[in-house]
Amino acid sequence: MIVLDAILGALIVLAVWAGVSIRVVQQYQRGVVFRFGRVRDDVRDPGLAWLLPIADRLKRVNVQIITMPIPAQEGITRDNVTVRVDAVVYFRVMDPVKATVNVQDYNFAISQVAQTSLRSIIGKSELDDLLANREPLNQGLELMLDSPALDWGIEIDRVEIKDVALPESMKRSMSRQAEAERERRARIITADGEYQASARLSEAAAIMSSTPAALQLRLLQTVVEVAAEKNSTLVLPFPVELLRFLDSVTEKPAPAPRSAPAPAPEPGPEQLELPDLPALDEVLARDPLEAPGGAVNGSRPEVAGPRGRDHDGGTEV
């Protein structure tokens, strides 16, 4: 009985000692041992960690990558635009001893440094960089966090800007600018398409002009395409080239005989010509006994004698 009690007591003491001196470290943790308040250089790896009872204290440190959101920070960019920017930082503990000894709470410290660095990045950047060129800003923010984090045994894996909040007035202005830019590009693309289409049509017209049959084939192809719709009205144009072809093969008609000249119109009352009258000297030089029309059959015309007067002064009859 005494032996059994001794063995039982030894087992109980061993169990108590094991419960006090043995600790379990998880795979994603590292153990930092403090012996009488002094940190030990050797870090306990995952598994069972043996400690001296009463003398040693074990502090577990998580070495996983920690995702920490940075609260939204409001600032003014270099081009005087008020924005609110939030980000996220990914970091991990590389030296558990430094992370435990050099800084009281490395999570809170990283959060504060990230907020101040984000404000500094906002003031040094322009709005266009925050919206479209974030990769250099992320790298700059990561470098600003690396400087103090190295002394704390922290490695910054990456930093990314999540969102940029703009005022409503700035959003409206940017939307108008984007709309104008899209309209400008649409007009340029339309003009470029018209230019290319006109060039192609010019080349096609040159080819068809050298080969008239190509124009006829193209016309027939267009007719077939239009005729595919049953409810459409087909208007068949008559090609000008066909008219020219028919004109070239058609014989030219003989010239028409010249018609007789039209008779001159009869003179009207205003167009009657007066007979030629003798001159005044010729009339005075004539013999007063000569008839005006000249002698007929060589005989002289009878001339009436002078008329006498009656006694009353009247004319003789």
Give a yes or no answer on whether the side chain of Arg185 reaches the backbone of Ala180 with a donor-acceptor pair at less than 3.5 Å.
-> no
Please step through side chain to side chain contact (heavy atoms under 4.5 Å, CB included) for the pair Leu58 and Leu51, ending with a clear verdict.
-> CA-CA 8 Å; Leu58 180 68; Leu51 303 176; 3.7 Å; yes
For Gln177, look at atom CD and say whether over 12 heavy atoms of other residues, nucleotides or ligands are found less than 6.0 Å away.
-> no
Decide side chain to side chain contact (heavy atoms under 4.5 Å, CB included) for Ile110 and Met68; before the verdict, give the C-alpha distance in whole Å, the side-chain angles of both, and the deciding distance to 0.1 Å.
-> CA-CA 9 Å; Ile110 292 295; Met68 177 179 295; 4.2 Å; yes
Return yes when atom CZ of Arg35 has more than 12 non-hydrogen atoms of other residues, nucleotides or ligands closer than 6.0 Å, and no otherwise.
-> yes
Taking ILVMFWY side chains as joined if any heavy atoms are under 4.5 angstrom apart, and letting links pass through other members, which residues group with Ile76?
-> none
When clusters are formed by joining ILVMFWY residues with side-chain heavy atoms under 4.5 Å apart, either directly or through shared neighbours, do Val89 and Val103 land in the same one?
-> yes
Is Gln73 reaching over with its side chain to a backbone N or O of Pro71, donor-acceptor style, under 3.5 angstrom?
-> yes
Assess whether atom NZ of Lys124 is packed by more than 12 heavy atoms of other residues, nucleotides or ligands within 6.0 Å.
-> no
Please confirm whether the backbone N or O of Tyr195 pairs with a side-chain atom of Ser198, one donor and one acceptor, at under 3.5 Å?
-> yes
Would you kindly confirm whether Val33 and Val93 end up in one hydrophobic cluster when ILVMFWY residues are joined by side chain heavy atoms under 4.5 Å apart?
-> no
For the side chain of Thr77 and the backbone of Val81, is there at least one donor-acceptor N/O pair under 3.5 Å apart?
-> yes
Grab the two heavy atoms, one from Arg44 and one from Trp50, that are nearest each other, plus how far apart they are.
-> NH1-O, 2.7 Å
Nearest heavy-atom neighbours spanning Gln115 and Ile70 | CG-CG2, 3.9 Å
CZ of Arg187 to CZ of Arg182, rounded to nearest 0.5 Å, is 14.0 Å
same_hphob_cluster(Val43, Val61) at 4.5 Å side-chain heavy-atom cutoff = yes
In short, Leu127 meets Leu166 closest at the heavy-atom pair CD1-CD2, 3.4 Å
Donor-acceptor list for residues 94-101 side chains, cut-off 3.5 Å, not counting sequence neighbours:
{"unit_1": "Asp95", "atom_1": "OD1", "unit_2": "Val97", "atom_2": "N", "d": "3.2"}
{"unit_1": "Thr100", "atom_1": "OG1", "unit_2": "Pro96", "atom_2": "O", "d": "2.7"}

Same apolar cluster (I L V M F W Y, side chains within < 4.5 Å links), Leu137/Val88 = no
From Arg92 atom CZ to Thr67 atom OG1, the distance as rounded to the nearest 0.5 Å = 12.5 Å
Is there a donor-acceptor contact under 3.5 Å from the side chain of Ser175 to the main chain of Arg172?
-> yes
For the pair Thr190 (side chain) and Ala186 (backbone), establish whether a donor and an acceptor sit closer than 3.5 Å, ignoring hydrogens and angles.
-> yes
So how far is it from Arg30 CZ to Arg60 CZ, rounded to the nearest 0.5 Å?
-> 13.5 Å
Would a distance-only check, ignoring hydrogens and angles, find a side-chain to backbone donor-acceptor pair under 3.5 Å from Arg134 to Leu130?
-> yes
What distance do Leu52 atom CG and Arg57 atom CZ have between them, rounded to the nearest 0.5 Å?
-> 11.0 Å
Can you check whether Asp128 reaches Asn133 side chain to side chain, under 4.5 Å on heavy atoms?
-> no
Give a yes or no answer on whether the side chain of Asp79 reaches the backbone of Glu126 with a donor-acceptor pair at less than 3.5 Å.
-> no
Looking only at non-hydrogen atoms, find the nearest pair between Asn62 and Tyr106 and report the distance.
-> O-OH, 4.1 Å
Compile the donor-acceptor pairs under 3.5 Å between side chains in residues 144-157 and protein atoms, sequence neighbours left out, one pair per line.
none

Ile161 with Tyr90, same ILVMFWY side-chain cluster at under 4.5 Å | no
Arg176/Glu179 salt bridge by N-O under 4.0 Å criterion = no
Locate the shortest heavy-atom distance separating Gly140 from Ile121; write the atom from each residue and the value.
-> C-CD1, 4.3 Å
Nearest heavy-atom pair of Pro46 and Gln29: which atoms, and what distance?
-> CG-O, 3.9 Å
Is Asp192 reaching over with its side chain to a backbone N or O of Ile188, donor-acceptor style, under 3.5 angstrom?
-> no
Is a donor on one side and an acceptor on the other found under 3.5 Å between the side chain of Ser120 and the backbone of Thr116?
-> no
Taking everything shown except Gln104 itself, do over 12 heavy atoms lie less than 6.0 Å from its CD?
-> no
Could you please spell out the steps behind the side chain to side chain contact (heavy atoms under 4.5 Å, CB included) verdict for Ser111 and Asn107?
-> CA-CA 6 Å; Ser111 176; Asn107 290 316; over 6 Å; no
How far apart are the C-alpha atoms of Val164 and Leu131, what are their side-chain angles, what is the distance that settles it, and do they pass the side chain to side chain contact (heavy atoms under 4.5 Å, CB included) test?
-> CA-CA 7 Å; Val164 178; Leu131 295 177; 4.1 Å; yes
